[in-house]
Participant: 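Just passing along the structure, written as structure tokens.
Note that ligands are numbered from 1 as they come in the structure, with each ligand's atoms numbered from 1 the same way.
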Amino acid sequence: APLRIDVITIFPEYLAPLRAALLGKAVDRGLVEIGVHDLRSWTHDVHRTVDDSPYGGGPGMVMKPDVWGEALDAVCPAPDPEDAGGRAPVLVVPTPAGRRFDQALARELAEEPRLVFACGRYEGIDQRVVDEAEGRMRVLEVSIGDYVLVGGEVATLVMVEAVARLIPGVLGNPVSASEDSFSDGLLEGPCYTRPEVWRGRAVPDVLRSGNHAAVDRWRRDRALERTLRRRPDLLDALPPEELSRADRAF
Ligand SMILES: CN1CCC[C@H](Cn2ccc3ccc(-c4n[nH]c(N)c4C#N)cc32)C1
């Protein structure tokens, strides 16, 4: 069955990129289903109000729990008790205060049948929405990085792309999903294509040697070198023999 993704937001147009390019094709091919819902559909006042002042004072506004509650009831109703097999959908709530999104979490989410993304704006969503949802969904408050965005929509685009590319058939060449960065624990090394010489810079000879063992070694060495220089923290997780190779080589 296709992975079902629902996104609730006050800016549905922000999620238009989900209909384009590779992901758009995966939707056309029925590999992924995507629903984008305007949170204001669940307001009842003439101004379609979704926010209010924060209890305890402070800057900005907070998103109202009642509107979110009705939206989540509509988009992911409580699982049917008879449907024992039915797994409760996962509710992903982007927030700078969340657990860090990483490739491991992307792989975890790619195994789920259903994902619902709640895109906050303003100062965030009333905490009771998350607390109440935990009674019937697996709620994950997730951050895509240590910088402050204005809302959850861009974070949702990031996470949906990272998850969808792991769905079999979404990528043209499935091998790359397993061999990409963070799968073998190292950063990607440099890549090259024609022309052989460009603005006086030649492609490394080994890559044109036809010696596949030498090419593989060269690529691993460049990946180790780059990881050592840019992300030494990733090397902590490497097996000792690999680490000693990195130390010896550079
Ligand atoms: C000054 N305030 C501070 C709290 C957050 C307010 C903006 N905002 C409202 C909803 C919301 C959702 C996600 C993110 C976000 N920022 N950085 C990340 N890695 C995120 C992720 N995922 C930011 C958000 C701005």
Side-chain angles (χ1 to χ4, degrees), residues 3-18 23 32 34-43 47-76 89-112 114-134 137-166 181-182 187 230-231 233-234:
L3 165 65
R4 169 80 196 180
I5 296 175
D6 287 285
V7 184
I8 305 171
T9 168
I10 59 170
F11 294 120
E13 65 276 16
Y14 238 96
L15 283 298
L18 293 181
L23 205 45
V32 180
I34 298 181
V36 178
H37 311 272
D38 184 343
L39 178 69
R40 294 189 198 274
S41 310
W42 289 280
T43 59
H47 297 295
R48 312 190 81 200
T49 310
V50 295
D51 64 309
D52 199 344
S53 306
Y55 274 113
M61 301 291 272
V62 174
M63 299 191 97
K64 294 164 56 63
D66 44 349
V67 181
W68 271 106
E70 287 192 37
L72 291 174
D73 289 347
V75 172
C76 33
V90 171
L91 179 66
V92 180
V93 185
T95 165
R99 75 177 265 200
R100 190 59 175 276
F101 183 70
D102 58 14
Q103 193 64 17
L105 183 50
R107 279 195 289 269
E108 220 182 288
L109 297 180
E111 297 298 318
E112 293 292 333
R114 268 203 81 185
L115 301 174
V116 181
F117 288 84
C119 299
R121 281 270 158 164
Y122 306 100
E123 289 313 303
I125 302 172
D126 186 299
Q127 188 60 37
R128 290 170 292 180
V129 175
V130 164
D131 299 345
E132 190 266 349
E134 269 161 358
M137 299 174 81
R138 184 167 148 230
V139 181
L140 299 175
E141 293 186 81
V142 182
S143 167
I144 62 165
D146 294 341
Y147 38 81
V148 183
L149 301 171
V150 180
E153 286 80 7
V154 167
T156 296
L157 287 173
V158 165
M159 290 190 269
V160 168
E161 179 164 314
V163 169
R165 69 184 286 276
L166 298 175
S181 273
F182 305 101
L187 299 181
R230 297 181 183 176
R231 288 291 306 277
D233 59 295
L234 291 178

Participant: Can K64 and E70 be counted as an ion pair, charged N to O under 4.0 angstrom?
Facilitator: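 Not counted as a salt bridge, because no side-chain N and carboxylate O are separated by less than 4.0 Å.
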Participant: Check Y122 against ligand 1 and report side chain, backbone, both or neither, counting heavy atoms closer than 4.0 Å.
Facilitator: backbone
Participant: Report the distance from atom CZ of R114 to atom CD of E112, rounding to the nearest 0.5 Å.
Facilitator: 11.5 Å
Participant: Kindly indicate whether a cation-pi arrangement holds for R121 with Y14, taking the cut-offs as under 6.0 Å to the six-membered ring centre and within 45° of the axis.
Facilitator: yes
Participant: Do R40 side-chain atoms and R48 backbone N/O form a donor-acceptor pair below 3.5 Å?
Facilitator: yes
Participant: Considering heavy atoms of the protein only, find what lies nearest to atom 2 (N) of ligand 1 and give residue, atom and distance to 0.1 Å.
Facilitator: E123 OE1, 3.0 Å
Participant: Would you check whether S143 has a nitrogen or oxygen atom less than 3.5 angstrom from a nitrogen or oxygen atom of ligand 1?
Facilitator: yes
Participant: Got a donor-acceptor contact below 3.5 angstrom from the R99 side chain to the V142 backbone?
Facilitator: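 No, R99 side chain to V142 backbone: no donor-acceptor pair under 3.5 Å.
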Participant: Atoms of ligand 1 less than 4.0 Å from P94 heavy atoms?
Facilitator: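 It comes down to these atoms of ligand 1: 12 (C), 13 (C), 22 (N).
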Participant: Could you tell me the residue and atom name of the protein heavy atom closest to atom 4 (C) of ligand 1, and the distance to it rounded to 0.1 Å?
Facilitator: P96 CG, 3.9 Å
Participant: Counting heavy atoms only, which of G120, C119, A155 comes nearest to atom 10 (C) of ligand 1?
Facilitator: G120
Participant: Among all protein heavy atoms in this structure, tell me which lies nearest to atom 8 (N) of ligand 1, with the distance rounded to 0.1 Å.
Facilitator: V150 O, 3.5 Å
Participant: Under 4.0 Å from a heavy atom of G145: which atoms of ligand 1 are those, numbered in the order shown and with their elements?
Facilitator: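 Heavy-atom distances to G145 below 4.0 Å select 18 (C), 19 (N).
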Participant: Tell me whether R100 is salt-bridged to D102, with the criterion being a basic N under 4.0 Å from an acidic carboxylate O.
Facilitator: no
Participant: Just to be sure I read this right, does ligand 1 sit under 4.0 Å from the backbone of L149, its side chain, both, or neither, counting only heavy atoms?
Facilitator: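 It is both parts that get close, each with some atom under 4.0 Å.
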Participant: Considering the heavy atoms of Y147, write down every atom of ligand 1 situated less than 4.0 Å from one of them.
Facilitator: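 Every atom of ligand 1 under 4.0 Å from some heavy atom of Y147: 16 (N), 17 (N), 18 (C), 19 (N).
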Participant: Using heavy-atom distances, let me know which of V148, V154, V142 sits nearest atom 25 (C) of ligand 1.
Facilitator: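 Among V148, V154, V142, the closest heavy atom to atom 25 (C) of ligand 1 comes from V148.
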Participant: Under 3.5 Å, is there a donor on one side chain and an acceptor on the other for T95 and E141?
Facilitator: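 Looking only at side-chain atoms, E141 and T95 do not form any donor-acceptor pair under 3.5 Å.
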Participant: Are the side chains of V36 and F11 in contact, using a 4.5 Å heavy-atom criterion?
Facilitator: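 No. Closest side-chain heavy atoms not under 4.5 Å.
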